[in-house]
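Index from 1, following the sequence. Below, all heavy atoms of this structure are taken into account, side chains as well, without hydrogens, waters or symmetry copies. Since this is a predicted model, take the numbers as computed values, not measurements.
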Amino acid sequence: MRILLYNELNPKQIPGFAKLVKYLEADDFKSADVKKVGDNLYRARLNQSDRLLFAVYRHQRQAYALILEFIKNHAYQDSRFLRRAASIDESKIPTLGDAGQIEGAPLAYLNPNHASFNLLDKIISFDDSQQAIYQLQPPLVIIGSAGSGKTALTLEKMKQAVGDVLYVTQSAYLVKNSRDLYYAHGYENADQQVDFLSFQEFLESIEVPDGRPVSFQAFQAWFGRQRHGGPLKDAHKLFEEFRGVITGPATDKSWLGRADYLALGVKESIFLAEEREAVYDVFEKYLAFLAEQKLYDGNIVSHRYLPHNTTRYDFVIVDEVQDLTNIQLYLILKSLRRPQDFILCGDSNQIVHPNFFSWSKVKSLFYRQDDLRSEGDLIRILNTNYRNSPQVTEIANRILKIKNQRFGSIDKESHYLVKSNGHTQGEVLLLEDSAGIRQELDKKTRTSTLFAVIVMNAEQKPEAARHFSTPLVFTIQEAKGLEYENIILYNFLTLEESRYREISKGVSHADLEQDLKYARGKDKTDKSLEVYKFYINALYVALTRAIKNLYWIESNARQPLLDLLDLREVRTTLELASQNSSLDAWRQEAHKLELQGKQEQADRIRSEILKQKTPPWQVLTGEALSELKRKALETNDKNAKMTLFEYALVHEDLNILNVLLHADFKPAKQPDKGLQMLEQKHYGAYQFKKPDAVLKQTDQYGPDFRNVFNQTPLMVAAWTGNADVVKAMCDQGADTEKVDGNGLTAFQIALAQADRSDAYAKKKLAAIYDLLEPTSMSIQVEHRLIKLDKSSMEFFLLNLMIALFYRVMPRKMVYRLEGFGTQEFIDAIQHIPPGILPERRKQRAYLSAILAKNEVDKDDKYNRKLFYRVMRGAYIFNPNLAIRVEGEWVNIYDLLSIDRLAPRHDIKEDWWRRDINEYRETQMNARKVELQRLLAEKRMAGPSENPNTALGS
């Protein structure tokens with residue numbers, strides 16, 4: 001077999017490497033002492049103590065051993081690829097003598113010219129163009145079509161950076177996905193500190209603006225209440241004019257004044273010159289609307305933040321840069337310590353809103369701004385597509401040729417065709433818009449997650465929904481960033497037939513047989529490029545959402561554009577095999593769409609496919625909990641007392657337990673017995689290894705339904721430590737960021753249970769930790785967002801401190817106001833396996849250093865200001881700390897209730913113990929008052945109101 005080496009490994013630092021490679025190349029697994037230690041993971045013996053980890057793959061009938069890791073001194077527990085693995089006893093694993101026993105996993109693509117490979121979540125073999133770019137130094141602008149591998153390439157480039165690094169893009173979903181790709185298989189890089197931020201988060205990292213960002217939905221709702229007709233009736237067109245023309249391009253002003261806007265050239269606005277007065281009138285009303293509704297415009301805030309944006313990054317990657325405006329890009333690049341240390345990547349052919357982006361304008365931004373000026377040619381193009389079938393790529397290329405012939409080239413950088421390297425054959429069919437065709441498609445695809453319907457705009461969705469039952473119906477703006485094996489394009493041209501006829505005008509079949517030539521538009525006064533660029537790009541994006549097949553339905557199939565695309569045969573019949581997806585596949589699809597912000601489609605899946613409904617019981621929150629307390633304590637209702645007692649046990653609410661003790665409620669004297677009864681009564685379904693009983697409930701109510709105690713199934717599974725149920729809930733798309741009545745997530749509940757039970761920490765936590773641990777935690781300190789990545793110790797300590805708040809703080813407030821000390825953390829983590837928390841992170845000195853470094857007043861570059869020191873070695877949360885909870889900012893002491901803190905009463909009836917308990921309770925109440933006064937003082941004494949706070953108004 002052939003040998004490929006992970007690019008992060010240095011063979012010169014591996015003893016016996018050359019000798020071992022010869023054995024593997026000769027398929028001599030016996031001499032290499034090869035043993036299987038994981039799923040497609042094998043170890044070979046370098047010497048008495050060192051091992052080499054590799055995987056076996058096949059490409060075009062050739063077997064390859066991919067060398068992944070050098071394991072020193074049998075330290076399998078430290079392996080990136082064997083994380084959380086139990087100790088491996090090599091003596092019990094038989095040696096593999098024959099390499100032919102291993103079938104090997106398939107590799108879709110492998111460049112035979114390279115002896116190494118890269119790795120994100122999967123094996124990456126760069127083609128020659130990608131490898132050439134990989135070896136270049138920044139600054140770089142990487143242009144690539146959908147499926148060209150530009151994101152993977154830029155993430156691998158990012159691994160070469162040293163210092164403070166930023167990855168930023170418009171989409172929050174893409175941010176999370178890229179972060180997960182980057183750190184896949186436990187990747188670590190001690191030479192860098194990386195922030196993965198959406199553009200909104202980047203703004204918030206400078207300062208959190210007042211209010212919420214204005215969305216198109218909010219704008220459309222407001223605009224719909226205005227009375228406008230003619231050219232101003234299109235809300236989307238107007239919204240993009242505000243974004244892409246009036247507020248976005250200029251870096252020296254927040255927005256264009258009326259005179260400057262009216263003076264724009266014919267190619268600088270979507271609207272005709274005679275329409276712009278009315279447009280600007282609406283823009284002025286738009287500014288007033290933002291102020292009234294406490295919304296902010298990202299472009300306007302970006303400009304006002306320019307003077308306050310510090311140089312804080314050593315390297316920046318901007319992904320999908322075509323979705324950003326000039327001012328947004330300029331603000332990002334202004335955060336660089338050295339202006340040239342950046343990579344931009346994107347594809348201007350994927351713009352589905354007229355924001356006037358072009359690569360030439362990006363370059364002109366560099367030339368106009370002295371602080372961004374760069375020498376040499378920055379731009380490199382990736383034009384090989386690894387995603388779409390050759391048939392889809394071919395028709396997409398013809399669209400690019402039509403665009404070029406009709407309008408000329410936007411710029412040299414957007415002037416390329418796409419080469420398909422897709423390994424799956426597909427088809428592109430033009431279908432008659434008949435009842436028979438629609439019914440056939442609907443019948444065979446309505447229950448499949450592999451088919452989606454795309455229409456031009458929102459007005460078409462009701463019509464499409466009448467004919468196609470699938471919840472997966474998207475406008476072109478919604479479809480951007482998605483991909484499906486099959487796309488049904490429904491009356492995409494017919495709605496805008498006149499525009500597409502204009503796009504086709506003057507273009508012949510002979511023109512499309514020629515090579516693509518770079519040329520500007522012939523008529524300099526012709527503004528049709530800007531008017532029609534949206535429509536031709538929208539078609540390009542819609543087609544390229546199809547990985548394999550495209551089913552194109554048009555009411556009028558005799559349109560010039562379809563003829564130019566060689567779609568002349570209109571199929572009047574269609575024989576399609578029934579396509580059905582499992583309910584699990586639909587659950588995962590709903591979860592994915594929610595993460596991408598496609599809530600409408602996710603909701604339709606839950607109601608129409610999964611048939612989920614609202615639970616019939618009342619959840620104990622707010623008024624319902626208050627009423628329960630009244631019935632239990634004022635009317636002496638025994639059933640209410642028992643329910644209140646169970647609620648207190650679930651939430652460790654000592655305050656309620658103490659009240660019930662004072663009311664002589666006997667079960668409150670035996671809380672441990674009460675817990676056992678509670679688990680039998682309410683959590684029986686979570687005691688079984690198989691999750692079937694829980695799944696039956698989630699099938700009815702969804703993965704995030706709340707039980708009577710305000711817990712989701714994932715929270716209960718974390719509480720009980722049932723790994724099979726936790727995994728089942730995560731597979732169903734359960735939301736790990738939701739909080740219970742105490743303000744705790746499922747992850748924090750698991751940490752609390754690990755503190756409560758040594759057996760839980762030793763045996764259960766490792767199996768569920770990775771499933772429950774969120775990617776990051778967003779906090780706000782001094783009006784700025786800080787994103788704590790899960791790889792940082794600050795992330796772990798803050799989550800642990802929240803998890804232990806109700807358990808530790810009552811002990812720290814009886815005689816004087818204290819706080820968490822290092823010992824509390826040591827006690828809580830001593831039994832946590834090293835695969836979760838390495839031993840070096842459990843040391844007293846290390847923990848003390850993390851706490852001290854993050855004190856509110858500490859002078860440290862990476863101080864997150866998480867903790868306030870109340871006395872030597874004793875800490876509480878920074879009173880001004882806020883956490884983003886389910887999308888909203890919440891102060892830490894509003895999330896965690898001080899009122900619930902109470903001393904644990906001794907249940908024995910000795911008179912002197914009752915006196916002690918009364919004394920402790922009196923002292924505790926006094927300490928609560930003291931703590932609340934301290935918090936109020938520190939909030940008042942917090943950072944003064946920053947002049948930028950009102951920038952969104």
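- Around atom CG of N113, more than 12 heavy atoms belonging to other residues, nucleotides or ligands sit under 6.0 Å away.
- With no hydrogens or angles considered, no side-chain donor-acceptor pair links N388 and T544 at under 3.5 Å.
- The local environment of CD in E394 is sparse, with at most 12 non-hydrogen atoms from other residues, nucleotides or ligands closer than 6.0 Å.
- At a cut-off of 3.5 Å, with distance as the only test, a side-chain donor of D195 or Y313 sits close to an acceptor on the other residue.
- Atoms CG and CZ, on L5 and F117 in that order, are 7.0 Å from each other to the nearest 0.5 Å.
- Residues satisfying the salt bridge (Lys or Arg N to Asp or Glu O under 4.0 Å) test with E478, not counting sequence neighbours, are K461.
- Partners of E201 under the salt bridge (Lys or Arg N to Asp or Glu O under 4.0 Å) rule, at least two apart in sequence or in another chain, are K787.
- Between Y182 and Y187, the distance from one ring center to the other falls under 6.0 angstrom.
- Within a 6.0 Å radius of NZ in K419, other residues, nucleotides and ligands contribute 12 heavy atoms or fewer.
- Here K401 does not pair with D511 in a salt bridge; the nearest charged N to carboxylate O distance is not below 4.0 Å.
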Worked check of salt bridge (Lys or Arg N to Asp or Glu O under 4.0 Å) between D180 and K176: CA-CA 6 Å; D180 291 345; K176 184 182 185 305; 3.0 Å; yes
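- For the pair L4 and Y57, the minimum side-chain heavy-atom distance is 4.5 Å or more.
- A salt bridge links D164 with K861; the closest basic N to acidic carboxylate O contact falls under 4.0 Å.
- For the residue pair K159 / N118, no side-chain donor-acceptor distance below 3.5 Å is found, with atom types taken as modelled.
- At a cut-off of 3.5 Å, with distance as the only test, no side-chain donor of S129 or R380 sits close to an acceptor on the other residue.
- Across every non-hydrogen atom of A99 and M1, the tightest pair is CB-CE, 4.0 Å.
- Summarising the geometry of S79 relative to L53, their closest heavy-atom pair is OG-CD2, 3.9 Å, with the distance given to 0.1 Å.
- Using a 30° and 60° split on the angle between ring planes, F81 and Y6 fall in the perpendicular class, above 60°.
- A donor-acceptor pair shorter than 3.5 Å can be found between the side chains of E320 and Q322.
- Residue E103 qualifies as open at atom CD: its count of foreign heavy atoms under 6.0 Å is 12 or below.
- With rounding to the nearest 0.5 Å, the separation of CG in L9 from CD1 in I14 is 5.0 Å.
- Using a 3.5 Å distance cut-off with no hydrogens or angles, the side chains of S178 and Y167 do pair a donor with an acceptor.
- Put simply, the side chain of I503 reaches to within 4.5 Å of the side chain of Y535, judged on heavy atoms.
- Of all non-hydrogen atoms in A152 and I124, the two that sit nearest each other are CB-CD1, 4.1 Å.
- Looking at L539 and V541, their side chains never come closer than 4.5 Å, going by heavy atoms from C-beta outward.
- Within the model, atoms CG of N7 and CD of Q131 stand 8.5 Å from one another, a figure rounded to the nearest 0.5 Å.
- When ring centroids are compared, F126 and Y134 come within the 6.0 Å threshold.
- Under the side chain to side chain contact (heavy atoms under 4.5 Å, CB included) criterion, E427 pairs with L429, N549, Y551, sequence neighbours left out.
- Taking each heavy atom of L331 and N309 in turn, the nearest pair found is O-ND2, 2.6 Å.
- Salt bridge absent: K72 and D78 never bring a charged side-chain N and a carboxylate O closer than 4.0 Å.
- The heavy-atom pair separating L482 from K598 by the smallest distance is CD1-CE, 4.4 Å.
- Heavy atoms only, all atoms of each residue included: S420 and S389 are closest at OG-C, 4.0 Å.
- Surrounding CZ of R337 are more than 12 heavy atoms belonging to other residues, nucleotides or ligands, all under 6.0 Å away.
- Here the CD1-CG distance, from I317 to L153, works out to 8.5 Å after rounding to the nearest 0.5 Å.
- Salt bridge absent: K150 and D347 never bring a charged side-chain N and a carboxylate O closer than 4.0 Å.
- A side chain to side chain contact (heavy atoms under 4.5 Å, CB included) with D319 is found for one member of I343, L155, T169 and no other, namely T169.
- Side chains of E589 and Y484: a donor on one and an acceptor on the other come within 3.5 Å.
- Between V165 and M158 there is a side-chain heavy-atom pair separated by less than 4.5 Å.
- Counted by atom type alone, N111 and D128 present one or more donor-acceptor pairs between their side chains at under 3.5 Å.
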